[in-house]
Peer 1: 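Attaching a single structure in C-alpha cells format; questions to follow.
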Amino acid sequence: MKCAEILLPLPLQETFTYQVPEDLADKLRVGVRVIVPFGKKKYYSGVVVRVFDSPDMEFGYVLKSILYVIDERPIVSEIQLSLWRWISSYYIANIGDVMNIALPSLFKISSETYITVNPDFLGEVDGFDDRVYNLLDALNENKKLTIKQVESIIDVNNVYKFIQSLVSSGVVDFVEEIKNPYRPKYEDVVEINEPFRNDTAMNELFNSLEKRSYRQMEFMLAYFKCAGAQSDQFPSIPLKLIQNEVKCDRAIANALVKKNVITISKRKVDRIEKSDASDCIDNLQLTDAQSLALEEIKTGMVDKNVILLHGVTSSGKTEIYFKLIEEAVKNKKQVLLLLPDIALTTQIVARTVNYFGHRVGVLHSKFNHNEKVEIWNSVLDNNADFDEGCNIIVGTRSSIFLPFNNLGLIIVDDEHDYSYKQNEFSPRYNARDCAVYLAGLYNSKVVLGSATPSIESYYNAKNNKYGLVTLKERYGGLTTPEIRVVDMKDEKRFDRIKADNYSVELIDAIQAALDAKRQVLVFQNRRGFSLRLECEVCGWVPTCMNCDVSLIYHKVFNQMRCHYCGYHTEIPGACPRCHSTNLVMKGFGTEKVEEDLQTLFPDAVIKRMDLDTTRRKNAFNEIISEFTSGKIDILVGTQMITKGLDFENILLVAVVNADTLLYYPDFRAFERAFQELTQVSGRAGRKKDRGKVIIQTFSPYHSAIVYTVDNDYEKMYYSQIIERQAHKYPPLYRLINVKVKHKDPAVVNEASKVFASLLRQELGDRVLGPEYGSIPRVNNVYIKDIMIKIERNKNFAALKSKFVDIYTAFLMKPQYKGVMLVIDVDPY
Ligand code: ADP
Ligand code: ZN
Ligand code: ZN
C-alpha cells in the first residue's frame, strides 16, 4: 500500500498518514499539495512531506485516502521542509504553525468536494440497493452534490466509504471544484490580423478609414503610437493603453474587430511590475576601500560561511552587495537580499531593481495575497529555468520561505534590525538567524551588513565563527557627521530653552540649515512608555538596581518595577539626586514635536513620518518623494527615519530627547540606543559635505551617547559584553521566555509557579520568575513571565530538550487545560 505523510496548516506538531489511491500515485511527490479529509467533515489542503510503501494493515486501522493532488510541480522543496522542521524545533513551535506562515495564504486552499455521475456509467448495475438509486435521482436533478448533501439525502454510517465504493465501481466521480482563491490577472490585448500585417494593406486601411470612420483611424494611430519603436512591427498592445491614448469606448475597437482588422484577446499579466532595465548595465566603479572590502569578503568566504560586513553609514555597503549579487547571478545562483521592514527601505529596492532589472522580484510585507503567490511562482519558474522568473529576491523576513532550489547567496542588510524578529505569534523566529541556517542547507554564503552590528553577530565574528570585514570610510571621502551633545540640565538651568523642550542651540542650528536651503531631520523616539517617572529638575529617571533598565510605573501595584528581574520599589516622594519633589510622569511624541516646531518655524514646511502618518499604502513613498524633491524642509519622525534612508540634502539631524532610548526597560536598551543614535546620525551629510547632529539629553555622560559621539563601536561592544556576562544575557547566555496566560489571575499564579518549579528541578537557577510583566493583563488575560537563561557553552540543545519535555508534560496536565504557554526562544 502506498502511503503519504501529510503536513496540515493547523496548530499541530504531528503530520498525518494517508493512503494514496492508485490513480494519484504518479502525481504524488514530496512538496505537492493535496486535499485530504480531516476529522469528521473537514477537508484541508496539506503538503506531502514523505511518500512510502507500507504493509496493508500496518496501522491497525484503515487509512483515509488522499482525495486530490493540487499541484503539478512541487511548490516546496525538501530544503524548505528542512527549514520548517528546524524552525519548529529551534523555536519550539508546531510544525503546522510554521507551514502556516511559510506558505502564501492563498496556497491554503479551501475545498468543496463534489460528486457527479460518472459519464461512462451505463445506468444499470445489479445488486445496488435503494440508497444508490436515491442518490442517482438526486444527482439527476442537481448534477452535482457536496459530500455534506449526500450525507443528508441517504442514511449511511460512513458516507465517505460509501461514495468511495461507488467511485470504484464507476457510478459516480469526484469533481474537485476547488476554490482556488488565486486568480490570475488578465488584460485585453489588441493584435493586428494577418491580412493587415503589411504596409500596403495598412495604407489602404488608413485611406478608407480616414474618409469613413475617423475615430477608428484615430484608434489605429494610437495603436502604432503605443507600439512605438518595438522590433516587432505589429506587437500586441494592451487595449487599455490605446484607449488611454484616444479616449474612446469599446465600440470603436469592436467595429475594427468586426472588420477583421484586429483581434482582442485576453492575456495573463503579472501583478508584479517588472522593470525594463536590462541586466547589470550600470558601470558601477567601486572605490579603493570598497574594492578592498569586497576582496576581503571573498577571501573570507573561502573558509567562513558567514561574513559580517561592518561598514559605517554611507560607506557604500549596497554597492558591495551589488557586486556580490552580480557574481552569484553570473554563476547561475539565486540570491536573497533581506531587508528590514521594506516600506522603510524603498530606496534600496528601487536601486536594486534599477541595477538588475527584470531579474529582481520584490516581496513586500504589504503585498496582497495574489502578488505573494506570483512571486512564489516566479521563484519556481526560475528553479526550472534560470532565465525565467526571478533569481534575485529582495524582501522582508518572510522571504526566507520562498521555494529556492539554487540559492547561492543571502545578504541580510542592517542585520541588527529587530524587525527581523517575528514576535507576535508562533513561530517566533528571527529571519537573520534562519537565513544563516538556510544558507547552511544550500551550502551557500551569507553576508550580514550593518553600520551598527548586533552584539550577537559581532560576538560571533570576534569568536571566529563569522568572518569580519570593516569599512571605515564614507563614500566620497566624507567624514561621519559632527555630533554635538546638548546637556538639557544646563540649558534648563540657564534658561536656554524654548517651548519647554528645545535648546536655543538646536533652534539656531535648524534656522541655519533652513537659511542655507538645506533639510532637517528631527528624531523623536516614541517607544518609551508614557508612564515613566522623571525628575523635572535634574532629569533623573529611576532605574533597576540589578539591570541596566529603567523602571516601569505599574498602575496595578502603584509601584515601579523591573521587567526583567522583578526588582521593585515604591514611588519616591522626592528625587534622590537633587531632592526636588517635582517628579512627573513623562512622555511626549512626534506629534507634539511637529506642532512645537511649526510654531517656532512658521514658514517652514514640516511633515511627520511615523506609524500614524504612514498607514495608507503609499503614504510612506509620498513622504519620501516629497522630501527628496525638496518640498519638505523639516521631517519629524520615529525610528522610521533612522533606517537606511539616503537623502543628499540633509545638513542637520536633531534628536529631541535621547533619554527615552537610554532608559528603555530591556537588556538591549544600551545597544539599541547606540544603534539608533548612530543610524539617525548617519542620515546627515551623505553627499555634499559633512553633516551635523545635535543630541539633546539629560544624561550627556551616559556611555551610549559618549560612544556614539566618538563613533566607537568596539568600546560599546566590550562594555556591553561585560554587562551581559554579569547579568547573564545574550550573546553569552541564551534566553527562553515563557508567558503563562489565563483569564483568572489565580490560575496564572498557580500554573506559573508550578511550571517554574518543575523547570527548576531540572534547570536549577537558570529559571527566573514567574513575574508579572509591564502589562500584567491584556484583553483580560493575565500574563506572567518565566525567563530561562542558559549558558552558551553548556549543551544548549540538551538543556532545551529537557525544557521541551517538561513543557510537553505540562500541557498534558488536565488541571491546566485552559492555561496558555507562549514560548519565545531568543526573545527581543
Ligand atoms: P550604506 O548602505 O553603506 O549606508 P550606500 O550604499 O547607501 O551606503 O551609499 C551611500 C551613497 O553613496 C549612495 O547614494 C550611493 O549611491 C553612493 N555610492 C556609494 N558607493 C558608490 C560608488 N562606488 N559609486 C557611486 N556612488 C556610490
Ligand atoms: Zn532631580
Ligand atoms: Zn532588573
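Sequence positions, counted from 1, serve as the residue numbers for this chain. First listed ligand is number 1; within each ligand, the first listed atom is number 1. The shown structure was predicted, so the numbers you read here are calculated from the model rather than taken from an experiment.
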Peer 1: Which pairs, with at least one residue in residues 307-318 and sequence neighbours excluded, count as a side chain to side chain donor-acceptor pair (under 3.5 Å)?
Peer 2: Thr313-Arg474
Peer 1: Which ligand 1 atoms does Ser314 reach within 4.0 Å, using its non-hydrogen atoms?
Peer 2: 1 (P), 3 (O), 4 (O), 8 (O), 10 (C), 11 (C)
Peer 1: Can you see which heavy atom on Leu533 is nearest to which on Pro572, and at what distance?
Peer 2: CD2-CD, 3.9 Å
Peer 1: Could you tell me if any non-hydrogen atom of Arg351 lies under 4.0 Å from any atom of ligand 1?
Peer 2: yes
Peer 1: Just by distance, with hydrogens left out, do Glu714 and Tyr458 show a side-chain donor and acceptor under 3.5 Å apart?
Peer 2: yes
Peer 1: Could you work out, for atom 18 (N) of ligand 1, the closest of Phe647, Tyr475, Tyr321 by heavy-atom distance?
Peer 2: Tyr475
Peer 1: Any luck finding a side-chain donor-acceptor pair between Tyr663 and Ser699 under 3.5 Å?
Peer 2: yes
Peer 1: Quick check against the 3.5 Å criterion: does Glu296 have a side-chain atom that pairs as donor or acceptor with the backbone of Val469?
Peer 2: no
Peer 1: So, 4.0 Å and heavy atoms of Ser315: is ligand 1 close enough to count as a contact?
Peer 2: yes
Peer 1: Would one find an N or O of Thr313, backbone or side chain, under 3.5 Å from an N or O of ligand 1?
Peer 2: no
Peer 1: Can you list everything that forms a ring-ring contact (aromatic ring centres under 6.0 Å, His included) with Phe322? Sequence neighbours excluded, please.
Peer 2: Tyr355, Phe356
Peer 1: What's within reach of the Zn ion (ligand 2), meaning protein N/O/S atoms under 2.8 Å?
Peer 2: Cys535 SG, Cys538 SG, Cys575 SG, Cys578 SG
Peer 1: Taking only heavy atoms of Gln285 into account, list the atoms of ligand 1 that are under 4.0 Å away from them.
Peer 2: 22 (C), 23 (N), 24 (N)
Peer 1: For Glu456, check salt bridge (charged side-chain N to carboxylate O under 4.0 Å, His left out) against everything at least two apart and list the hits.
Peer 2: Arg668
Peer 1: I need the atoms of ligand 1 closer than 4.0 Å to a non-hydrogen atom of Gly316, numbered in the order shown.
Peer 2: 1 (P), 3 (O), 5 (P), 6 (O), 8 (O), 9 (O), 19 (C)
Peer 1: Any side-chain donor paired with an acceptor under 3.5 Å for Glu536 and Ser580?
Peer 2: no
Peer 1: For ligand 1, does Thr318 get within less than 4.0 Å through its side chain, its backbone, both, or neither, judged by non-hydrogen atoms?
Peer 2: both
Peer 1: Would you confirm whether Arg608, through its side chain, and Leu635, through its main-chain N or O, come within 3.5 Å as a donor-acceptor pair?
Peer 2: no
Peer 1: For a side-chain contact (heavy atoms from CB on, under 4.5 Å) with Ser503, tell me which candidate from Met488, Arg496, Lys492 qualifies.
Peer 2: Met488
Peer 1: Please list, in number order, the atoms of ligand 1 under 4.0 Å from a heavy atom of Asp646.
Peer 2: 11 (C), 13 (C), 14 (O)
